[in-house]
Amino acid sequence: MASPTPTDLDDDANAPAPTHPGLTPPLGALSGVIAVAAALGVGELVAALVSPDSSPYFAVGSWVVDHTPQAVREWAITTFGTSDKLVLFVVMGAVIAIIAAGCGAAERRRPPIGSVIIIVFAVLGAVAALGRAGATGSYMLPSILGGAVGVVVLRVLIGMLDSDSDATDSGTADSVAAEPDSARRAPVSRRFLLTAGGIAAAAVAVGALGRTMLAGASRTIADRKAILLPTPADPAPPVPPDADLGVPGANRFVTDNVDFYRIDTALQVPHLTTADWQLRVHGMVDEEITLSWDELLAMPMTERLVTLTCVSNEVGGDLIGNARWLGVRMTDILDRVGVQPGSNMLLSTSSDGWTCGTPVSAITDNRDALLAIGMNGEPLPVEHGFPVRQVIPGLYGYVSATKWVVDWEFTTFSRAQAYWTTRGWSATGPIKIASRIDRPSAAEVSPGDVVIAGTAWAQHVGIAQVQVRVDDGPWQEATLAADYSDDTWRLWKYTWPATSGTHQISCRAIGKDGKVQTSENADPIPDGATGLDSRTYTVT
Ligand SMILES: Nc1nc2c(c(=O)[nH]1)N[C@H]1C(S)=C(S)[C@@H](COP(=O)(O)O)O[C@H]1N2
Ligand SMILES: [Mo]
């Protein structure tokens, strides 16, 4: 009977499994495991770049540890002892592998269930990472990128399996008797196996790289946490309350570490420890020395507030910050090694090979050039140079502020060139006088008194005056905040009786040397931007 009615028997007869016994190894499940391995590998690598605490695997692991009932925890500790964490990770790995296999099998049979499960776990990883102490939005990146890679890998592998079985099915009618199954399927399966194997190997490599980087990062973090900063022999003068303006939305006199601008060429932040760290001092010196962390800490400590600025700062830009630095006066080290009279440049090098050329005179002329270990009462944040960096008042960062500094060579400007000098920037970089409008930030204001607030700086010269101009009117005196020191910025405010219409507000600073900030516009390259900051406000 040639009934077209499908029956259970017909279905079975068409299903590949019974027709080709042995050809249905759990390739879907394998695809799932490889996809999730790729997701975890990418997650670890991205976490190494973002923060060790953002690793989805460890964030979820920590969440499990934090939420394990006390009884289970005690049982685990008594049973496994100090291996309890290892056991946790092995168990987590096994659970993940089982879920991953399920994802793959599900994706093959009923797409996109497997992809959806991966996305759900990526979201869980992101939430767990966000729950870690000090987490920022970037902590979601490892989970998001890992999850995305996992879904793509799963789709690619399952897609290959599907096209493999299509090819098998279409070949069935005419060639099933002519060729043995293995010969017919082999080339297609090889393509799948090569891809799957390649992705699996890449996942392991990427994950291992991430782990290696994370291990270094967490060693540095633990080392940094254990540091107790010494008390300065020469503390910074206290900051008077009126160094701030008390105007809502105004810049703050001291910049918090988390808000401090960061500029460097390091794609990956160098992870040194105090034990690794040493400073080799050589070149045109009477005696070469190598300073260790302990030797540095044994020297008298000076504390100063210094405003750091980047030469790349545009007019009105925010590549500037003011912090309380703790460190050893660089001159003390110069005295120890005896710099030879012919040397006019200190060529400093960071652990990642970045170089910086500083005039020796800017270290010996009695300004507070510091080899700093502390920033606002904490050990240097890793991204701001842990464990040791330079801070020199009055010079742009690219010629003064070497982070992760490990090498000092005394040489001459005619003999040596530093990183940015070979790229078109000036060999010397004294900071140019500048001023900036910080508030109101909105472009629309109401008529009546509007408080304009801003910041002015001329490090190592000092700010004597700030003036404000409305449209093309006369320059008017702004009110200055307390004058803390010539090496720090100075905040200012000006009350503007705003009238309807569109108005342009400009500001300019005058240094203690009498120099007036120029209105002439210059680009940051080669030695710092000039021009006046101005804002347009619509008064309605
Ligand atoms: N090792 C190293 N140190 C560096 C840099 C760098 O690229 N590498 N950039 C410099 C520049 S251009 C500036 S402006 C300051 C910025 O310091 P901060 O990131 O702590 O604000 O660091 C300086 N120190
Ligand atoms: Mo800079």
Side-chain angles (χ1 to χ4, degrees), residues 220 224 251-252 254-272 276-280 304-315 317-327 330 346-359 362-363 369-409 417-432 434 455 457 459-460 487-489 523-529:
T220 298
R224 182 177 176 274
N251 186 23
R252 300 293 311 272
V254 177
T255 314
D256 290 338
N257 289 354
V258 287
D259 298 329
F260 207 96
Y261 82 98
R262 173 187 165 197
I263 292 286
D264 53 60
T265 58
L267 285 185
Q268 207 210 321
V269 182
H271 282 103
L272 307 180
D276 299 336
W277 183 83
Q278 53 179 33
L279 179 69
R280 177 169 169 241
R304 289 290 183 270
L305 273 81
V306 175
T307 302
L308 223 65
T309 313
C310 182
V311 69
S312 299
N313 200 33
E314 304 272 358
V315 171
D318 55 7
L319 300 180
I320 178 164
N322 185 40
R324 176 187 299 269
W325 307 96
L326 175 74
M330 288 169 67
L346 166 60
L347 183 70
S348 54
T349 308
S350 65
S351 66
D352 64 345
W354 185 81
T355 53
C356 170
T358 307
I363 303 164
L370 297 181
L371 198 50
I373 59 166
M375 181 177 184
N376 289 328
E378 288 177 25
L380 290 177
V382 178
E383 60 274 21
H384 291 293
F386 181 83
V388 183
R389 76 170 304 169
Q390 296 171 196
V391 173
I392 304 175
L395 302 181
Y396 286 122
Y398 81 109
V399 290
S400 69
T402 310
K403 305 191 273 190
W404 315 289
V405 62
V406 293
D407 191 281
W408 274 9
E409 179 187 352
Q417 276 202 315
Y419 186 92
W420 285 115
T421 311
T422 59
R423 289 163 176 80
W425 296 78
S426 168
T428 54
I431 296 175
K432 295 177 178 174
T455 310
W457 58 89
Q459 289 94 315
H460 213 57
D487 293 337
T488 50
W489 59 18
D523 287 336
I525 195 163
D527 60 1

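Since the structure is predicted, the reported quantities are computational estimates derived from the model, not experimental observations. Computed from heavy atoms alone, side chains included, the values below leave out hydrogens, waters and symmetry copies. As the structure lists them, so they are numbered: ligands from 1, and atoms in each ligand from 1.
For Arg252, the CZ atom counts as loosely surrounded, since its 6.0 Å shell holds 12 or fewer non-hydrogen atoms of other residues, nucleotides or ligands.
Closest non-hydrogen pair, Gly528 versus Lys432, comes out as O-NZ, 2.8 Å. Considering every non-hydrogen atom in both Asp527 and Ser426, the closest pair reads CB-CB, 3.7 Å.
Within 4.0 Å of ligand 1, protein heavy atoms come from Phe260, Tyr261, Arg262, Ile263, Asp264, Thr265, Leu308, Cys310, Ser350, Asp352, Trp354, His384, Arg389, Gly397, Tyr398, Ala401, Thr402, Lys403, Trp404.
Between Trp425 and Trp420, the two ring planes are perpendicular [angle over 60°; tilted spans 30° to 60°].
Checked for salt-bridge contact, Asp487 and Arg304 miss the test: no charged N lies under 4.0 Å from a carboxylate O. In this structure, Lys403 does not pair ionically with Glu383, as no charged nitrogen and carboxylate oxygen lie closer than 4.0 Å.
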